[in-house]
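Atoms within a ligand are numbered from 1 in the order they appear, just like the ligands themselves. Throughout, residue positions are numbered sequentially from 1 according to the sequence presented. These numbers were taken from a predicted model, which means no experiment stands behind them.
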Amino acid sequence: MAGGILRPPLLFDGYVRHFDLVVIGTGSGNSIVDERFADWDVAIVEKGVFGGTCLNVGCIPTKMFVHTADVAATPAGAARLGVDEELHGVRWPEIRDRIFGRIDPIAAGGRRWRVEGNANVTVYEGQARFVGPKTLTVSIPGASTGETITADRFVIAAGSRPIVPDVAGIEEVGFLTNEDVMRLEELPERMIVLGSGFVATEFAHVFSSFGVDVTLVARSGVLLRAEDDDVAARFTEIASKKWDVRLNSKAVRVERVDGTVRLHLETPRGAEVVEGDVLLAAVGRIPNADLLDVEATGVTVHRDGRIVVDDQQRTAVDGIWALGDVSSDYQLKHVANHEARIVQHNLLHPDAPVDADHRFVPHGVFSSPQIGSVGLTERDARERGLRYVTATQDYADIAYGWAMEDTTGFAKLVADPATGQLLGAHIIGPQAPTLIQLVIQAMSFGLDVRSMARGQYWIHPAMPELLENALLKLKLD
Ligand SMILES: Cc1cc2nc3c(=O)[nH]c(=O)nc-3n(C[C@H](O)[C@H](O)[C@H](O)COP(=O)(O)OP(=O)(O)OC[C@H]3O[C@@H](n4cnc5c(N)ncnc54)[C@H](O)[C@@H]3O)c2cc1C
């Protein structure tokens with residue numbers, strides 16, 4: 001195939017190029033245009049690094065750091081098995097460069113493939129912004145004016161960005177986010193992590209395992225508060241033994257004194273100050289729809305800034321779709337990928353469109369311990385007024401749990417006693433994001449509890465026996 005086109009900056013105003021399709025964002029959006037679009041004139045616009053959040057500053061590098069952190073943390077837990085191990089240290093620059101030495105070439109290769117490999121695709125490297133109905137300008141660094149492009153169809157896959165915490169002095173003091181914390185020149189001695197969701201707790205695990213003193217500041221009374229209450233409570237209890245966890249704490253002001261970051265907190269216990277060498281902000285992510293001025297093309301947004309889409313991922317404007325973090329209830333890569341496949345199908349088959357399936361969206365938390373979750377929490381079931389039963393099974397009471405000497409992990413199932421269908425499952429403990437896949441499969445294909453428990457073999461004495469036992473404990477009608 002002939003080479004694609006990297007659009008050079010135009011030096012004159014007034015040129016408007018029209019495309020069949022414009023895709024904004026090269027995270028999950030980049031997977032849409034394949035050989036089936038060979039006859040389409042396509043533009044792809046990207047303002048940052050090719051590949052988006054997951055590849056460059058999200059799921060993939062974090063999990064590569066998490067695995068390394070798990071290895072670094074192993075000696076600390078080995079003695080209770082009668083194995084004396086010692087951690088002599090971690091070589092941060094080597095770890096960092098190994099990880100990004102793999103990732104950066106993948107991002108560069110993805111860009112090269114688009115720029116050089118697709119004759120029908122024009123790549124615009126700049127920030128897109130709608131200026132009118134189906135009309136976009138792209139500000140290209142180095143160009144005196146933006147370029148204007150129009151299209152019959154648009155896919156908005158522009159993702160989200162870290163929220164800047166509302167703390168006085170934070171801009172002056174400076175702070176890290178997921179976009180730069182993994183590329184630090186050297187490990188700090190002390191890190192303040194602001195936030196209590198999965199990004200905050202994963203980084204807390206990574207850096208504390210590497211020997212950094214971590215202080216975690218949470219607005220809520222529990223960490224990971226979106227999880228099932230029992231899971232969140234257990235996680236908070238374990239985390240509080242490893243990190244300096246400040247719950248119910250509102251960060252109000254930050255200053256730097258003699259090189260030390262001092263974060264002032266308002267808490268029910270009174271005013272407190274925590275100190276660190278760096279501050280990592282991980283308080284959530286905001287959709288990038290605002291930076292795109294999507295209203296200029298008639299696309300509507302929710303109050304929280306997400307683009308409004310229907311089940312087919314269509315926005316309020318005919319011919320404009322949105323997917324992933326910019327529009328989704330779920331800021332998760334597997335959801336963004338699923339939605340991208342839906343948009344791809346609906347672009348190719350406008351006469352036979354399909355809906356996205358958001359029935360059973362799972363997630364994993366790769367902190368320590370790990371968490372895997374799908375479906376309703378017990379709180380959700382209660383608030384919806386559903387009739388439900390629960391069952392809990394500790395790792396400590398299955399054979400593989402004995403092998404691991406696990407004392408804190410468990411699986412909790414929520415089920416409908418009348419139909420025997422699982423409503424949700426929540427696991428905290430070793431390999432939880434892997435174990436939960438069995439339940440995702442059961443729920444997705446409507447497998448009832450009795451059939452799942454007794455309609456198949458369970459390898460003995462493997463970890464899935466955790467789920468087998470939990471299933472057998474559910475008191476169905
Ligand atoms: C630290 C961290 C860890 C994570 N770990 C996990 C995990 O383990 N599992 C999981 O499922 N999810 C995880 N996520 C979430 C996951 O990364 C996102 O849900 C996913 O990447 C969203 O994909 P997307 O295609 O919607 O957006 P993105 O991948 O963010 O892609 C959007 C692209 O659009 C570009 N863009 C934005 N605005 C413009 C504009 N105006 N003009 C041109 N280009 C623009 C951006 O530069 C970006 O490249 C993690 C996120 C973070 C931050």
A.B. asks: For I60, run the side-chain contact (heavy atoms from CB on, under 4.5 Å) check against I106, I99, I103, T53 and tell me which one passes.
C.D. replies: I103
A.B. asks: Does atom NE2 (H67) have a neighbourhood of more than 12 heavy atoms from anything else shown, all under 6.0 Å?
C.D. replies: no
A.B. asks: I need the L422 CG to L438 CG distance, nearest 0.5 Å.
C.D. replies: 11.0 Å
A.B. asks: Taking only distance into account, with no hydrogens and no angle test, what donor-acceptor pairs under 3.5 Å do side-chain atoms of residues 186-196 form with protein atoms, sequence neighbours excluded?
C.D. replies:
{"from": "R190", "atom 1": "NE", "to": "D277", "atom 2": "OD1", "distance (Å)": "3.4"}
{"from": "R190", "atom 1": "NH2", "to": "T260", "atom 2": "OG1", "distance (Å)": "3.3"}
{"from": "R190", "atom 1": "NH2", "to": "D277", "atom 2": "OD1", "distance (Å)": "2.9"}

A.B. asks: Only pairs under 3.5 Å count here: list side-chain donor-acceptor contacts from residues 150-157, not counting sequence neighbours, and write none if there are none.
C.D. replies:
{"from": "T150", "atom 1": "OG1", "to": "H18", "atom 2": "ND1", "distance (Å)": "2.7"}
{"from": "D152", "atom 1": "OD1", "to": "H18", "atom 2": "NE2", "distance (Å)": "2.9"}
{"from": "R153", "atom 1": "NH1", "to": "D20", "atom 2": "O", "distance (Å)": "3.0"}

A.B. asks: Mind listing the side-chain donor-acceptor pairs of residues 219-227 below 3.5 Å, one per line with the distance, residues two or more places apart or on another chain?
C.D. replies:
{"from": "S220", "atom 1": "OG", "to": "V222", "atom 2": "O", "distance (Å)": "2.7"}
{"from": "E227", "atom 1": "OE1", "to": "H363", "atom 2": "NE2", "distance (Å)": "3.2"}
{"from": "E227", "atom 1": "OE2", "to": "H363", "atom 2": "NE2", "distance (Å)": "2.7"}

A.B. asks: Heavy atoms under 4.0 Å from ligand 1: which residues qualify?
C.D. replies: I24, G25, T26, G27, S28, V45, E46, K47, G48, V49, G52, T53, C54, V57, G58, C59, T62, K63, G126, Q127, A128, A157, A158, G159, N178, F198, V199, R285, N288, L292, G324, D325, Q331, L332, K333, H334, A336
